[in-house]
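Predicted, not measured: the structure shown is a model, and the values here were computed from it. Every chain is numbered from 1 and lettered A, B, ... according to where its sequence line falls, protein lines coming before strand lines.
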Amino acid sequence: MAYDVLIVDDSPAMRSFIGRVLGLTGMEIGERLEAGHGREALEILGRSWVDVILTDINMPVMNGEEFLEQVAARGDLKTVPVVVVSTDSTGTRVERMMSLGAKGYVKKPFSPESLREELERVLEVSHG
Amino acid sequence: MVESENERAQVAECLRQSAGEVLETMFFLSVEREAGWEEVAHKEHLYAEMDFQGAAEGRLELAVSRDIAPVLAAGFLGKEEPELTQPEIEGVVCELANMLCGSVLSRLESQSLFQLGAPQMTQSDLECLSRMDAGHKCVFDLGLGDVKLCFWMWREARAA
């Protein structure tokens, strides 16, 4: 199964890096959509279905916390897992993002293996 | 604030660990050695800076020598160096600053909340140099070039 992914990060360089690393994970990636902040991501989600969302926290216009709250409030998105990908990985921040509805957390810097492990966990990919 | 020797050593070690981890994991480059500030003073650098607030306030300033900036960007973006544009190189330098700052704060204050500002390119390291005595600074020799870091953090809450 190919997974459609939405990458939300205000850094074009980081979006490009995550996209490239996704290709290195060995997972089958379908459509790869990108947004520069939470509001743009919500607009994309209004017209496109994705299997998983990867989001940063510190972004202009709508940050990762607000974005998670908006996703949680939308019934049609409740089944879409959100994985936070951030440099901000203090224990307090991780707890806060998970309490807002994030299903996974990947700390930057990260390896393709760690991203794959977290994606497989939240997507419940089995290797059986 | 006046830091003890132990605190200064702790911050210095966090800078080393963070630089090593970020450069190796995300840029596939190893720190060959720590260099002296004066050793790289003659080189041209690209500068980025970012502030943070929350449990503590502070700033990280980063300088990447122009000889290695395209190498970093090429490795990060998966492109050949001749294909790179200046905005792409600067974007990667800013992202490096962002990751270094987050990594250092996570090590120093693992149970605190911070708001990280957006990293920005700057024209020179004058700010860095003028405050050199108050902060932490280090230079990492990557063989093909160098990365300079200046980091300040004020742990105490400021009076209202």
Side-chain angles (χ1 to χ4, degrees), chain A residues 7-25 29 32 34 36-38 54-66 68 84-100 105-118, chain B residues 17-29 48 50-56 60 69 72-79 83-121:
Chain A
I7 302 168
V8 192
D9 198 305
D10 58 326
S11 164
M14 184 49 74
R15 294 199 302 269
S16 174
F17 181 83
I18 292 172
R20 193 160 67 85
V21 170
L22 281 172
L24 296 173
T25 62
I29 303 299
R32 195 181 90 202
E34 296 184 8
H37 49 73
L54 303 175
T55 184
D56 190 17
I57 299 172
N58 297 297
M59 297 180 286
V61 184
M62 181 184 286
N63 64 29
E65 286 194 7
E66 295 171 276
L68 272 174
V84 175
V85 183
S86 177
T87 58
D88 189 345
S89 56
T90 60
T92 310
R93 177 66 71 190
V94 174
E95 284 173 22
R96 181 168 177 79
M97 299 307 282
M98 299 303 272
S99 73
L100 288 172
Y105 209 107
V106 176
K107 172 196 162 198
K108 300 175 191 169
F110 59 89
S111 64
E113 293 76 21
S114 59
L115 180 61
R116 179 187 178 117
E117 283 172 14
E118 194 66 347
Chain B
Q17 291 177 356
S18 295
E21 182 186 29
V22 170
L23 289 165
E24 286 181 22
T25 309
M26 305 295 270
F27 298 91
F28 318 109
L29 289 170
M50 63 181 291
D51 296 322
F52 58 87
Q53 296 180 320
L60 179 137
L72 286 170
F76 193 79
L77 298 173
K79 288 187 167 186
E83 298 173 33
L84 294 167
T85 64
Q86 190 62 21
E88 284 178 324
I89 294 171
E90 292 178 356
V92 170
V93 170
C94 284
E95 194 54 46
L96 173 58
N98 188 35
M99 286 188 283
L100 288 169
C101 190
S103 177
V104 172
L105 291 175
S106 298
R107 290 172 198 275
L108 286 175
E109 298 273 340
S110 63
Q111 295 305 317
S112 300
L113 270 179
F114 291 97
Q115 293 82 47
L116 306 185
Q120 297 177 13
M121 297 299 291

- Out of B/Ala118, B/Gly78, B/Gly117, B/Ser103, which one racks up the most heavy-atom pairs below 4.5 Å with chain A? B/Gly78
- Answer with side chain, backbone, both or neither: which region of B/Gln111 has an atom nearer than 4.5 Å to a non-hydrogen atom of chain A? both
- Note on the structure: CG (A/Asp88) and CG (B/Asn98) are apart, to the nearest 0.5 Å, by 9.5 Å
- Closest heavy-atom pair and its distance - B/Met26, A/Phe17: CE-CE2, 3.3 Å
- Item | Between CZ on residue B/Phe76 and CE on residue A/Met14, distance to nearest 0.5 Å | 3.5 Å
- Message: Nearest 0.5 angstrom please: A/Thr92 OG1 to B/Phe114 CZ, how far?
- Response: 9.5 Å
- Item | Closest heavy-atom pair and its distance - A/Arg20, B/Leu77 | NE-C, 3.4 Å
- For B/Glu24, is it the side chain, the backbone, both or neither that has a heavy atom under 4.5 Å from a heavy atom of chain A? neither
- Task: Sort out for me which of B/Val22, B/Val92, B/Leu116 touches chain A most, counting heavy-atom pairs under 4.5 Å.
- Result: B/Leu116
- Task: Tell me, for B/Leu105 versus chain A, whether the close heavy atoms (under 4.5 Å) come from the side chain, the backbone, both or neither.
- Result: backbone
- Query: Are a donor atom and an acceptor atom from the side chains of A/Ser89 and B/Ser106 found within less than 3.5 Å of each other?
  - Reply: yes
- Of the non-hydrogen atoms in A/Arg96 and B/Leu113, which two are nearest, and what is the gap between them? CD-CD1, 4.3 Å
- Under 4.5 Å from a heavy atom of chain B, the part of A/Arg93 involved: both
- Message: Quick check against the 3.5 Å criterion: does A/Ser11 have a side-chain atom that pairs as donor or acceptor with the backbone of B/Glu95?
- Response: no
- Message: Quick check for you: among B/Gly91, B/Ser110, B/Ala73, B/Pro119, which has the greatest number of heavy-atom pairs under 4.5 Å with chain A?
- Response: B/Ser110
